[in-house]
Amino acid sequence: MGSGVTISGTGGGLRALFTFPNPVNEVSARLVAGGVLVMCIVTIAFGLEWATVVIAYGFVARVLTGPTLSPLGQVVTRLVTPRLGIPERPVAGPPKRFAQGMGVAFSMTALVLTGLGYWTAAEVVLALLASAALLESVFGLCLGCKVFAVLMRVGVVPEDVCERCNDIWAAPRAAA
C-alpha cells in the first residue's frame with residue numbers, strides 16, 4: 001500500500017498538480033487576461049469588494065498550478081479556446097508564470113487593502129492590474145514577461161531558465 005496521494009489522471013500525484021505548463025498557449029493566456037480585465041472592471045464599477053478574493057485566488061491558483069485549479073483557466077482552456085478554432089501559439093511558460101506572480105502581488109495587495117478598509121486604494125491597484133490585463137489581452141503585450149526578460153538580462157533569473165525560454169520545445173530538465 002502506497003501512502004502517497006495521487007491525483008487521478010496525472011500519474012504524478014501532488015507534484016504533478018503543482019506544475020505550470022511550458023509551453024503556454026498564447027491564445028489561452030490572452031483570453032485569461034481578458035477575463036481578468038472584465039473581473040477587475042466589474043469589481044470596481046459595482047464596488048464588489050468581495051470579488052477581490054476571487055481575483056486573488058485565481059492568480060494564486062494559476063501561479064501554483066497553471067489553469068488546473070483556476071476556474072477562469074479551466075473555462076478558457078477547456079471551453080473557450082477549443083471552440084475558437086484558432087491554432088495554438090506556443091510561448092515560453094516561465095515568463096507567463098512570472099507575470100501571473102506579478103498578478104498575485106497586485107491582487108493580494110488589493111485584497112489586503114480591502115480587508116483593511118482602504119477600498120479606494122484597492123480600486124487603484126485593481127485598475128493597474130486591469131491595465132496590465134488590457135495590454136496582454138488586446139495587444140499581446142505581457143508586462144510581466146517584459147520584466148522577466150529584464151531580470152534575465154541583468155542576471156537575476158538564471159541562464160538555464162533563459163535557455164529553456166529560448167527553446168520552448170526543449171525537453172524539461174529533471175529537478176536536481
Side-chain angles (χ1 to χ4, degrees), residues 4-44 46 48-84 88-116 122-123 125-137 140-148 151 157 161 164-165 168 172 175:
V5 176
T6 301
I7 305 301
S8 177
T10 65
L14 285 176
R15 176 169 279 154
L17 175 67
F18 292 103
T19 60
F20 194 88
N22 188 25
V24 169
N25 182 358
E26 178 72 6
V27 174
S28 293
R30 289 178 70 177
L31 290 169
V32 167
V36 169
L37 173 62
V38 169
M39 288 192 300
C40 287
I41 289 171
V42 169
T43 298
I44 294 167
F46 295 103
L48 304 176
E49 295 180 19
W50 61 267
T52 58
V53 173
V54 176
I55 294 168
Y57 168 79
F59 276 105
V60 171
R62 288 188 297 277
V63 162
L64 294 176
T65 69
T68 304
L69 295 180
S70 164
L72 177 59
Q74 286 293 305
V75 167
V76 166
T77 59
R78 292 182 184 264
L79 300 175
V80 179
T81 303
R83 285 168 177 74
L84 291 177
E88 286 190 16
R89 291 191 311 219
V91 297
K96 293 294 187 183
R97 188 176 209 174
F98 181 83
Q100 290 292 321
M102 289 182 63
V104 168
F106 276 81
S107 62
M108 290 300 290
T109 298
L111 180 60
V112 168
L113 288 168
T114 300
L116 294 174
E123 288 177 306
V125 174
L126 288 172
L128 292 170
L129 185 58
S131 299
L134 173 76
L135 291 172
E136 168 73 1
S137 64
L141 175 60
C142 174
L143 294 180
C145 299
K146 298 295 183 190
V147 171
F148 185 86
L151 293 175
V157 175
V161 173
R164 288 192 303 264
C165 289
I168 61 171

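These figures come from a predicted structure and were not determined experimentally. Start at 1 with the first residue, then count along the sequence.
Gly103 and Leu129 get closest at one heavy-atom pair: CA-CD1, 4.1 Å. Looking at every heavy atom in both residues, Ala105 comes nearest to Thr109 through O-OG1, 2.6 Å. In plain terms, the two heavy atoms of Ala56 and Ser107 that are nearest each other are CA-OG, 3.4 Å. The shortest heavy-atom contact between Cys40 and Ala130 is CB-CB, 3.7 Å.
Residue Arg78 qualifies as open at atom CZ: its count of foreign heavy atoms under 6.0 Å is 12 or below. Gln74 CD: more than 12 foreign heavy atoms inside a 6.0 Å radius.
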Exercise. Go through the steps to decide whether Leu17 and Leu69 satisfy the test side chain to side chain contact (heavy atoms under 4.5 Å, CB included), and finish with yes or no.
Key: CA-CA 9 Å; Leu17 175 67; Leu69 295 180; 4.3 Å; yes
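For the atom pair OG1 (Thr52) and CE (Met108), the distance works out to 9.5 Å, reported to the nearest 0.5 Å. Atom CG of Leu111 sits about 13.0 Å away from atom CH2 of Trp50, to the nearest 0.5 Å. Within the model, atoms CZ of Phe46 and CD1 of Ile41 stand 11.0 Å from one another, a figure rounded to the nearest 0.5 Å.
Every pair passing salt bridge (Lys or Arg N to Asp or Glu O under 4.0 Å) that includes a residue from residues 24-38 is listed here, sequence neighbours excluded: Glu26-Lys96. Identified under the side-chain hydrogen bond (donor to acceptor under 3.5 Å, both in side chains) test for residues 54-65, with sequence neighbours left out: Arg62-Ser70, Arg62-Gln100.
Of the possible donor and acceptor atoms, none in the side chain of Arg97 sits under 3.5 Å from a partner among the backbone N and O of Gly93. No donor-acceptor pair under 3.5 Å is formed between the side chain of Asn25 and the backbone N or O of Pro90.
In this structure the side chain of Pro67 never reaches within 4.5 angstrom of the side chain of Val76, judged on heavy atoms. For the pair Glu136 and Val36, the minimum side-chain heavy-atom distance is 4.5 Å or more. Side chains of Leu31 and Leu84 form a contact here, defined as non-hydrogen atoms less than 4.5 Å apart.
In this structure Thr81 satisfies the side chain to side chain donor-acceptor pair (under 3.5 Å) test together with Ser28, sequence neighbours excluded. Taking Ile44 as the reference, Glu123, Leu126, Ala127 meet the side-chain contact (heavy atoms from CB on, under 4.5 Å) condition, with sequence neighbours excluded. In this structure, the side-chain contact (heavy atoms from CB on, under 4.5 Å) partners of Val147, at least two apart in sequence or on a different chain, are Phe98, Met102, Leu151. For Cys142, the disulfide (SG to SG under 2.5 Å) criterion is met by Cys145, not counting sequence neighbours.
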